[in-house]
A.B. asks: 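Questions regarding the structure given below will be posed in turn.
Side-chain atoms are counted along with the backbone in the values below, which use heavy atoms only and exclude waters and symmetry mates.
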Amino acid sequence: MPFSLRRLLRLLRDIMTLPAADDAAVSEGERRQWEPPFDASRPAPPISYPITDLAALASRSYLSEDSNFHLPFNRASTPLPSPGAPLPPRRRLLVCHDFQGGYRDDAAPQGGANPDAYALWHWHLVDVFVYFSHYLVTLPPPCWTNAAHLHGVKVLGTFITEWDKGAEICREMFATQDSAQMYAERLAELAAALGFDGWLINIEVKLDIQFIDNLKEFVNHLTKRMHAAVPGSLVIWYDAITVGGDLDWQDKLNEHNKPFFDLCDGLFVNYTWKEKYPRDSAAAAGDRKYDVYMGIDVFGRNTFGGGKWNTNVALDLLKKDDVSTAIFAPGWIYETKQQPDFQSAQNRWWGLVEKSWDVPRSYPKRLPFYSDFDQGHGYKVSSEGLQISGDPWNNISCQSFQPMLKYTGDEVQPPVRTSINFKDDPYSGGDCVTVQGSLRQNAIFSEQLFNGGLSMEDGYVHLFYSIQVNAEANSDLGLSLDFSSRNKENTSILIAEDIVTFSRKKQHRLYSSYVQSDKVEPHAPDNQNWVIYRATVQSSASYTLIGINIVCTLKTSGKINSEADEDESSEEDANRSWPYHASLGHISIRNMDENTQFPSAESWVTEGKYISWSNNSNTSKLLSLKISWKLNTSHQASFMKYNIYVEKLIADSSAKASRSFLGVATVEAFYVSDLQVPDEVTSLKFIIQACGRDG
């Protein structure tokens, strides 16, 4: 395609997908908070923002807390489960997010108030996530890194130069070898300091041949510095400029871009390739064919198969040719308001990807394992069965391990459906897993939640879970664990309180053994809706946990002889369907029966800084401040997150102060912004609640 037309199509697409003025995501004023006269040194609600010019990159100002108040809030807190591990030696799936120009709801490290904010949750299909925008240095907001790392997905930022300004930047960067190396070092420093895993390099300009050697040195030096600073990190080159300095997208790996590919960890091939180009690229890559990521534009701009709902057409070809893929702009689902709603459309679209690509990741792989299924947004917040906030919210950092629920298809309407439920009160976070529909009396319904890969040890594992059952639906809910032995023999253990009911069902022979679970006294005595269970399962080092499933059935009807197997009940009773409704709030698996031992309050050092008061009305004031905390050096602990509360105390009052939820911190700092304090309040008590990784 001619240069001008291709660039015009890209520009038009970016313009057309900007949100309307009434979009709930971010207003125009908020969208560019970091642009002049933005002062990053001034205390303010934390934001994530890009670096937009070379001077700022060279100065290291972003990495100085004196010049960047927002720095502590922009460090990712969740490491990869296997730091330093290389990508698997198979075809891989890279996702390049490219959503509405970047830095939307996700630009608030402490979260926002949009319950319908964009997010991904099909992490089990993804190997690499690239945060993309058209700013010079796109730094991934920490929420994306935290959620991706939890699921074992590497995260890259983007360095991009384009148009005339980009060419000017490149001429300055690559004027000398020393300059090229210096800017490579600045990028490596940023990734290491902020906790992400490398860079996508997109030089989308034409350059004189005299700059190419230094451009190659930039790629080479960046790759080496990244590998040294962050073992297992990646530098991926985008297919744009050629080794001859021309801006000429090749749409495959060949002699014009391979010199860059040879210096880094992979090539993101432009998305206008033809049918035979994946095979050509694989041949050119030799034993590095999985490092070639064939681009697919979900918006469908001249992309093979047309993208959109036909993205799987390109995936099918790439699967056949056994090369990797880079899916560009899956936010198309959200931006174009695909019907009937974002949740349903996203699950449908990724269901097509899963059916085509069929290379799911597996988790859990280590203990403790905890999931409350939180997608990182919702209409309320709960903690251990108690609602602590009724306000809508979003914070992708709050994502828990996401269940691998299968999309059943538009034509298939199963009698029982498993879904993420944002309407009912969750056990923890903003949602729960709900199974609802109609179930035959003698049937057992089961659906996999997690595709595990956990090598067991001799001894015992302890399982905790919470359920909420609709009493009128006469529903019962349990879990099952699937194991595989070294000689590939599979076994399955069913865990439930009423194992008699499950064992009488026609399908009970699916399970090799049963473990009864016992009710546990809830930590929150006011919790009336959720019942917590505990079970202990004997484990063996010769087995691997390969699956965790939700298992549902109806409680035994009084019409059925309790002494007889339900197989012997009348055919009419056996085939009769009854309403079913039950929810699963969380799962926790650990090798210890006891809860996490937390350091005492005296082990923490807390501090309040940047305290600022302002007038609000005749009866109240507004308070802003930064709260930070850390453990004494003699104590070592790792926490999943911190819940932040405040109590407003009144002198000489006998009434107990109510506790208000302020938000969640994933780092050891939280900024309180414009907290309303009535005049009668004489003191404020801030509570920092550490949450263990076992839940």
A.B. asks: Do Gln689 and Tyr645 come close enough that some side-chain heavy atom pair is under 4.5 Å?
C.D. replies: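 The answer is yes; the side chains approach within 4.5 Å.
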A.B. asks: If you count every heavy atom of other residues, nucleotides or ligands that lies below 6.0 Å from Glu457 atom CD, does the total exceed 12?
C.D. replies: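 It does not: Glu457 CD has 12 such atoms or fewer within range.
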A.B. asks: Could you go through the side chain to side chain contact (heavy atoms under 4.5 Å, CB included) check for Thr501 and Thr553 one step at a time?
C.D. replies: CA-CA 8 Å; Thr501 291; Thr553 194; 3.9 Å; yes
A.B. asks: Less than 6.0 Å separating the ring centroids of Trp349 and Tyr407?
C.D. replies: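 Ring centroids of Trp349 and Tyr407 are no less than 6.0 Å from each other.
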A.B. asks: Classify the ring geometry of His586 against Tyr370: parallel below 30°, tilted from 30° to 60°, perpendicular beyond 60°.
C.D. replies: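 Tilted, since the angle between the ring planes falls between 30° and 60°.
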A.B. asks: What I want to find out is whether Asp518 reaches Arg534 closely enough, with some N-O distance under 4.0 Å, to be called a salt bridge.
C.D. replies: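 No, no charged N to carboxylate O under 4.0 Å.
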A.B. asks: With sequence neighbours left out, what residues match Ala541 under side-chain contact (heavy atoms from CB on, under 4.5 Å)?
C.D. replies: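 side-chain contact (heavy atoms from CB on, under 4.5 Å) check on Ala541 returns Asp458, Arg486.
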A.B. asks: If you define the side chain from C-beta out and look only at heavy atoms, does anything of Leu120 sit under 4.5 Å from Phe129?
C.D. replies: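 Side-chain contact under 4.5 Å: yes.
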A.B. asks: Write down the atom of Tyr334, the atom of Asp116, and the distance for their closest heavy-atom approach.
C.D. replies: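 The pair with the smallest heavy-atom distance is OH-O, 2.8 Å.
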A.B. asks: With a 6.0 Å cut-off on ring centres, are Tyr363 and Phe369 close enough?
C.D. replies: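 No; Phe369 has its ring centre 6.0 Å or more from that of Tyr363.
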A.B. asks: Are Phe342 and Tyr118, when compared by the centres of their aromatic rings, separated by less than 6.0 Å?
C.D. replies: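 Yes, they do, as the ring centres are separated by less than 6.0 Å.
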A.B. asks: With side chain to side chain contact (heavy atoms under 4.5 Å, CB included) as the criterion, how do Leu479 and Leu584 come out once you've worked through the C-alpha distance, each side chain's angles and the decisive distance to 0.1 Å?
C.D. replies: CA-CA 10 Å; Leu479 298 171; Leu584 179 67; 3.9 Å; yes
A.B. asks: So Tyr131 and His97, would you call those rings parallel, tilted or perpendicular, with 30° and 60° as cut-offs?
C.D. replies: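 Because their plane-to-plane angle is under 30°, the rings of Tyr131 and His97 count as parallel.
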A.B. asks: Could Arg90 and Tyr290 be counted as a cation-pi pair, given that NZ or CZ must be under 6.0 Å from the ring centre and within 45° of the axis?
C.D. replies: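 Output no; distance or angle outside limits.
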A.B. asks: Please round to the nearest 0.5 Å and tell me the distance separating atom OG of Ser356 and atom CG of Asn312.
C.D. replies: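 If I round to the nearest 0.5 Å, the distance is 5.5 Å.
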A.B. asks: How about Trp123 and Phe450: are their ring centroids closer than 6.0 Å?
C.D. replies: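 Aromatic pair excluded; centres sit 6.0 Å or further apart.
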A.B. asks: Is the shortest distance from a Lys or Arg side-chain nitrogen in Glu647 or Lys656 to a carboxylate oxygen in the other one below 4.0 Å?
C.D. replies: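 Salt bridge absent between Glu647 and Lys656.
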A.B. asks: Strictly below 4.0 Å, N to O, side chains only: are Asp425 and Lys380 in salt-bridge contact?
C.D. replies: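 The answer is yes: the pair qualifies as a salt bridge.
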A.B. asks: Tell me, do Thr434 and His581 make a side-chain contact under 4.5 Å, heavy atoms counted?
C.D. replies: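 Counting from C-beta outward, Thr434 and His581 do come under 4.5 Å.
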A.B. asks: Between Thr544 (side chain) and Ile546 (backbone), is there a donor-acceptor pair under 3.5 Å?
C.D. replies: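 Not at all, since once roles are kept as given, no pair shorter than 3.5 Å links the two residues.
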A.B. asks: To the closest 0.5 Å, what do you measure between CD1 (Ile548) and CD (Glu447)?
C.D. replies: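 It is 14.0 Å, given to the nearest 0.5 Å.
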A.B. asks: Taking it one step at a time, do His122 and Asn347 satisfy side chain to side chain contact (heavy atoms under 4.5 Å, CB included)?
C.D. replies: CA-CA 8 Å; His122 295 82; Asn347 289 333; 3.1 Å; yes
A.B. asks: Taking NZ in Lys319 as the centre, count heavy atoms belonging to other residues, nucleotides or ligands within less than 6.0 Å. Is the count above 12?
C.D. replies: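 Atom NZ in Lys319 is crowded, with more than 12 foreign heavy atoms closer than 6.0 Å.
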A.B. asks: Distance from Leu477 atom CG to Gln468 atom CD, nearest 0.5 Å?
C.D. replies: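 Answer for the CG-CD pair, Leu477 versus Gln468, is 11.0 Å.
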A.B. asks: Hey, do the aromatic rings of Phe196 and Trp144 have their centres closer than 6.0 Å?
C.D. replies: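 Phe196 vs Trp144: aromatic centres not under 6.0 Å.
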A.B. asks: Is it the case that the side chain of Asp694 and the backbone of Pro368 share a donor-acceptor pair, with hydrogens and angles ignored and the cut-off at 3.5 Å?
C.D. replies: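 No, Asp694 side chain to Pro368 backbone: no donor-acceptor pair under 3.5 Å.
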A.B. asks: Does any non-hydrogen side-chain atom of Leu631 lie less than 4.5 Å from one of Phe639?
C.D. replies: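 Yes, side chains in contact.
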A.B. asks: Do side-chain atoms of Asn146 reach the backbone of Thr78 as a donor and acceptor pair under 3.5 angstrom?
C.D. replies: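 Flag set: sc Asn146 to bb Thr78 pair under 3.5 Å.
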A.B. asks: On a heavy-atom basis, which atom in Ile495 and which in Ala535 lie closest, and how many Å separate them?
C.D. replies: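 Here Ile495 and Ala535 meet closest at CG2-CB, 3.5 Å.
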A.B. asks: Tell me whether Arg91 forms a cation-pi arrangement with Trp357, defined as NZ or CZ under 6.0 Å from the six-membered ring centre and within 45 degrees of its axis.
C.D. replies: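 Yes, a cation-pi geometry.
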A.B. asks: Just by distance, do the side chain of Lys505 and the backbone of Leu554 share a donor-acceptor pair under 3.5 Å?
C.D. replies: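 At least one qualifying donor-acceptor pair exists.
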A.B. asks: Does a side-chain heavy-atom distance below 4.5 Å link Leu463 with Val515?
C.D. replies: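 No - every pair of side-chain heavy atoms lies 4.5 Å or more apart.
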A.B. asks: Would you please test Asn643 and Ser383 for side chain to side chain contact (heavy atoms under 4.5 Å, CB included) and show each step?
C.D. replies: CA-CA 9 Å; Asn643 292 326; Ser383 178; 4.2 Å; yes
A.B. asks: Going by side chain to side chain donor-acceptor pair (under 3.5 Å), name the pairs with one or both residues in residues 487-497, residues two or more places apart or in two chains.
C.D. replies: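 Residue pairs passing side chain to side chain donor-acceptor pair (under 3.5 Å), neighbours aside: Asp482-Ser492, Ser484-Asn490, Ser485-Asn487, Thr491-Ser512, Glu497-Tyr533.
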A.B. asks: Enter the distance from His149:NE2 to Ser77:OG here, rounded to the nearest 0.5 Å.
C.D. replies: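 The distance works out to 10.5 Å.
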A.B. asks: Write down the atom of Asn74, the atom of Pro142, and the distance for their closest heavy-atom approach.
C.D. replies: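 Distance-wise, the nearest heavy atoms are OD1-CD, 3.5 Å.
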A.B. asks: What heavy-atom pair brings Pro109 and Asn395 nearest, and what distance separates the two atoms?
C.D. replies: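 Distance-wise, the nearest heavy atoms are O-ND2, 3.8 Å.
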A.B. asks: Would you call Glu354 and Met404 a side-chain contact if the rule is heavy atoms closer than 4.5 Å?
C.D. replies: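 The answer is no, as the side chains (C-beta and beyond) never meet within the 4.5 Å cut-off.
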A.B. asks: Would you name the heavy atoms of Ala582 and Tyr580 that are closest together and state the gap between them?
C.D. replies: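 Smallest interatomic distance, heavy atoms only, reads CB-OH, 3.5 Å.
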A.B. asks: Does Lys555 offer a backbone N or O that forms a donor-acceptor pair with the side chain of Asp476 under 3.5 Å?
C.D. replies: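 Judged by distance alone, no pair lies under 3.5 Å.
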A.B. asks: Could you tell me whether the side chain of Val130 reaches within less than 4.5 Å of the side chain of Val95, counting heavy atoms only?
C.D. replies: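 No, too far: nothing below the 4.5 Å cut-off.
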A.B. asks: Looking only at side-chain N and O atoms, does Tyr543 offer a donor or acceptor that is under 3.5 Å from a partner on Ser455?
C.D. replies: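 Their side chains do not contain a donor-acceptor pair, so the 3.5 Å distance test is not met.
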A.B. asks: Please determine, by modelled atom types, if Gln387 and Ser382 share a side-chain donor-acceptor pair under 3.5 angstrom.
C.D. replies: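 No, no side-chain donor-acceptor pair sits under 3.5 Å.
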A.B. asks: Hey, does the side chain of Gln402 reach the backbone of Asp374 with a donor-acceptor pair shorter than 3.5 angstrom?
C.D. replies: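 Answer holds: yes.
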A.B. asks: So, does Asp127 use its side chain to make a donor-acceptor pair with the main chain of Leu93 at under 3.5 Å?
C.D. replies: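 Yes, the answer is positive, given that a donor and an acceptor are paired below the 3.5 Å cut-off.
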A.B. asks: Salt bridge or not between Lys423 and Asp431? Use side-chain N to carboxylate O under 4.0 Å.
C.D. replies: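 Salt bridge: no.
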A.B. asks: Side-chain contact test, heavy atoms from C-beta onward, threshold under 4.5 Å: evaluate it for Trp578 versus Leu439 and give yes or no.
C.D. replies: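 The answer is no; the side chains never approach within 4.5 Å.
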A.B. asks: Mind listing the closest non-hydrogen atom pair of Gln399 and Ala147 along with its distance?
C.D. replies: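 For Gln399 versus Ala147, the nearest heavy atoms are OE1-CB, 3.7 Å.
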A.B. asks: Indicate yes or no for a side-chain donor-acceptor contact from His377 to the backbone of Pro115 under 3.5 Å, with no hydrogens or angles considered.
C.D. replies: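 Side chain of His377 to backbone of Pro115, a donor-acceptor pair under 3.5 Å: yes, one is there.
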A.B. asks: Could you state the interatomic distance from SG (Cys432) to CZ (Phe422), rounded to the nearest 0.5 Å?
C.D. replies: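 The SG atom of Cys432 sits 9.5 Å away from the CZ atom of Phe422.
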A.B. asks: So does Val500 get a backbone contact from the side chain of Ser503, meaning a donor-acceptor N/O pair under 3.5 Å?
C.D. replies: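 Here the side-chain-to-backbone pair exists.
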A.B. asks: Using 30° and 60° as the class boundaries, would you call the ring planes of Trp530 and Tyr427 parallel, tilted or perpendicular?
C.D. replies: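 Answer is perpendicular, since the angle exceeds 60°.
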A.B. asks: Using a 3.5 Å distance criterion without hydrogens, assess whether the side chain of Ser233 forms a donor-acceptor pair with backbone atoms of Val230.
C.D. replies: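 Side chain of Ser233 to backbone of Val230: a pair is present.
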A.B. asks: Could you give the distance from CZ (Arg361) to CG (Leu125), rounded to the nearest 0.5 Å?
C.D. replies: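 Between Arg361 CZ and Leu125 CG, I get 10.0 Å after rounding to 0.5 Å.
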